[in-house]
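Okay, structure first, notes after.
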Amino acid sequence: MRPFELTAPTTVEAALASPGTFLAGGTTLVDLMKLNVLAPQQVQDINELPLRGIDTGDGLRIGALERMSDVAEHPGVYPAISRALLQSASQQLRNMASIGGNLMQRTRCTYFRDVATPCNRREPGSGCPAISGANRMHAVLGTSDSCAAAHASDLAVALVALDAEVRLLSAAGSRTAKLADFYRLPGDSPEVEHDLRPGELIGEIVVPRLDWASRSTYVKVRDRQSYEFALCSAAVALDVQDSRIADARVAVGGVATVPWRLPAVEEALRGAPATTESFEAAASLAADGARPLSGNAFKVSLLKRTVVRALLELTEGSRL
């Protein structure tokens, strides 16, 4: 790790007026600094900023500095969000990691984290060895010839499914952005991962009120049941009335370069009976546009099965 200057502002105004990389839980940033993937000269410890609180009065508002464990255990949090958080990391990491930091975490692509190898995200124009190399964990959706790194956040998948927004703070004021629009596809510039502008800080996450999101879940498929990143995941919410699906929200992770909403699957579910056959027919659209690599073609069928599994989890054994 290279030397850096550490400051600890106590107001949002002071944090936004000073240069430096923001540090909350540090569960991603410190790792990358140790690997010399990131080498900020100035780091701001923002843990004293007033960016906390969980409000479930009308929808859901979560302060960016809330810890993952506290949000997961809050009784008013939608099940898809809670389950995504509980499956994201070990208890120790959930106790440390912040919600804002979770949304900003970097890819776990081994080429990105190994400074001895090229990586377009780390060093634009250097190349992407994953395209023809070890790519079992990589994305099949939203990729480009420049990058196929899978997005790492479980929480972001659940939030995108539920139309969440982020409130972004800057010295000039604040703005809101749909989380689904906040993340950028790699295209020809994979080093631009999101729409956070210089001098901005995530202040809070806002999830619109959705009464039927109480029937929601998050299913994560991974190589081992304990702390591991997703091979594929699905966040699903269903509004079922008289045994038919009135509305649906579906997003997937582990298979795309950003949290991936599936509007075609949602549309196929609306008005359909809540049956395995309907779920399978809708899920057959989940991998449209997929570009599998040499080592991850299995994710195409896994994606479809994971969506069906999440839908069945919400409906099997219940009176519809």
Evaluation steps, side chain to side chain contact (heavy atoms under 4.5 Å, CB included), between L85 and I99: CA-CA 9 Å; L85 288 168; I99 293 297; 4.1 Å; yes
Criterion side chain to side chain contact (heavy atoms under 4.5 Å, CB included) on L155 and Q105, from CA distance to verdict: CA-CA 11 Å; L155 171 63; Q105 67 181 296; over 6 Å; no
CA sep, side-chain torsions, deciding dist, call: V30, L23, side chain to side chain contact (heavy atoms under 4.5 Å, CB included): CA-CA 9 Å; V30 174; L23 169 73; 4.2 Å; yes
Candidate pair V140 and L293, rule side chain to side chain contact (heavy atoms under 4.5 Å, CB included), full reasoning: CA-CA 7 Å; V140 297; L293 300 170; over 6 Å; no
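Put simply, the side chain of L159 reaches to within 4.5 Å of the side chain of L103, judged on heavy atoms. Between M68 and S98, every side-chain heavy-atom pair lies at or beyond the 4.5 Å cut-off. Contact annotation: the side chain of R122 never approaches that of Y111 to less than 4.5 Å [non-hydrogen atoms, C-beta and beyond]. Side-chain contact between L29 and T21 is present, with heavy atoms from C-beta onward closer than 4.5 Å. Using a 4.5 Å cut-off on side-chain heavy atoms (C-beta onward), R136 and D223 make contact. In this structure, M104 and T28 have side chains that are not in contact, with every pair of non-hydrogen atoms separated by 4.5 Å or more. The side-chain heavy atoms of L162 and I81, taken from C-beta on, include a pair separated by under 4.5 Å. Between K299 and P292, the closest side-chain pair of non-hydrogen atoms is not below 4.5 Å.
Taken from CG in L179 to CD1 in I205, the straight-line distance is 8.0 Å, to the nearest 0.5 Å. L60 CG to I54 CD1: the interatomic distance, rounded to the nearest 0.5 Å, is 8.0 Å. Distance check: N95 CG to D70 CG gives 7.5 Å after rounding to the nearest 0.5 Å. One distance of note links CZ of R121 with OG1 of T107; it measures 5.5 Å at 0.5 Å rounding. With rounding to the nearest 0.5 Å, the separation of CD in E228 from OG in S90 is 12.5 Å. For the atom pair CD (E191) and OG (S126), the distance works out to 10.0 Å, reported to the nearest 0.5 Å.
A235 and A158 make their closest contact through CB-CA, 3.6 Å (heavy atoms, listed as atom of the first residue, atom of the second, distance). When all heavy atoms of S174 and L169 are compared, the closest pair comes out as CB-CD2, 3.9 Å. The minimum heavy-atom distance linking V192 with R184 is given by the pair O-CB, 3.4 Å. Considering every non-hydrogen atom in both L168 and A177, the closest pair reads CD1-CB, 4.4 Å. Nearest heavy-atom pair, N120 versus G127, reported as atom, atom and distance to 0.1 Å: OD1-N, 2.7 Å. Listed here is the closest heavy atom pair of A246 and R270: O-CG, 4.1 Å.
Under the 3.5 Å distance criterion, the side-chain polar atoms of Y183 are left unmatched by any main-chain donor or acceptor of D195. In this structure, the side chain of T143 does not engage the main chain of A139 through any donor-acceptor pair within 3.5 Å. Listed for the S144 side chain is a donor-acceptor partner under 3.5 Å among the backbone atoms of S146. Looking at S170, its side chain never comes within 3.5 Å of a backbone N or O of E200 through a donor-acceptor pair. Side-chain atoms of T257 never come within 3.5 Å of backbone atoms of P186 as a donor-acceptor pair (strictly under, hydrogens ignored). The closest donor-acceptor contact from the side chain of Q44 to the backbone of S18 lies under 3.5 Å. Using modelled atom types, one side-chain atom of N135 and one backbone atom of G133 make a donor-acceptor pair closer than 3.5 Å. In terms of modelled atom types and a separation under 3.5 Å, the side chain of D242 and the main chain of R244 share no donor-acceptor contact. Side chain of D55 to backbone of R61: no donor-acceptor contact under 3.5 angstrom is found. In terms of modelled atom types and a separation under 3.5 Å, the side chain of T176 and the main chain of R167 share no donor-acceptor contact.
In this structure, Q91 places its CD atom where more than 12 heavy-atom neighbours from other residues, nucleotides or ligands lie under 6.0 Å away. For E48, the CD atom counts as loosely surrounded, since its 6.0 Å shell holds 12 or fewer non-hydrogen atoms of other residues, nucleotides or ligands. No more than 12 heavy atoms of other residues, nucleotides or ligands sit less than 6.0 Å from atom CG of D188.
In terms of hydrophobic clustering, with Ile, Leu, Val, Met, Phe, Trp and Tyr side chains grouped at heavy-atom distances under 4.5 Å, V221 and L86 are assigned to different clusters. Note on L196: it does not cluster hydrophobically with V43, by side-chain heavy-atom contacts below 4.5 Å among ILVMFWY residues. Under a hydrophobic-cluster definition in which Ile, Leu, Val, Met, Phe, Trp and Tyr are linked whenever side-chain heavy atoms come within less than 4.5 Å, directly or via other members, L312 and V219 are assigned to different clusters. One hydrophobic cluster, built from ILVMFWY side chains closer than 4.5 Å, cannot hold both I131 and V258; they sit in different ones. In the hydrophobic clustering of this structure, V166 does not group with F22; members are Ile, Leu, Val, Met, Phe, Trp, Tyr whose side-chain heavy atoms approach within less than 4.5 Å, directly or through other members.
Look at R106 and E193 and you find a salt bridge, because one of the NZ, NE, NH1 or NH2 atoms lies within 4.0 Å of a carboxylate O, short of that distance. The pair D145-R291 meets the salt-bridge criterion, with a side-chain N (NZ, NE, NH1 or NH2) lying under 4.0 Å from an Asp/Glu carboxylate O.
Screening L314, T315, V265 for a side chain to side chain contact (heavy atoms under 4.5 Å, CB included) with F279, the sole residue that qualifies is T315.
Residues E313 and T217 have side chains that bring a donor and an acceptor to within less than 3.5 angstrom of each other.
For residues 153-166, every residue pair satisfying the salt bridge (charged side-chain N to carboxylate O under 4.0 Å, His left out) rule, not counting sequence neighbours, is listed here: D154-K220, D163-R249, D163-R261. Note on residues 90-102: no pairs pass salt bridge (charged side-chain N to carboxylate O under 4.0 Å, His left out), not counting sequence neighbours.
Among residues two or more places apart in sequence or in another chain, the ring-ring contact (aromatic ring centres under 6.0 Å, His included) test is passed with H194 by F182. For D211, the salt bridge (Lys or Arg N to Asp or Glu O under 4.0 Å) partners two or more places apart in sequence, or in a different chain, are R209. Listed by chain and number, the residues in a side-chain contact (heavy atoms from CB on, under 4.5 Å) with R52 are N47, L65, E66, R67 (sequence neighbours excluded).
Hydrophobic side-chain contacts under 4.5 Å tie Y218 into a cluster, directly or through other members, with V157.
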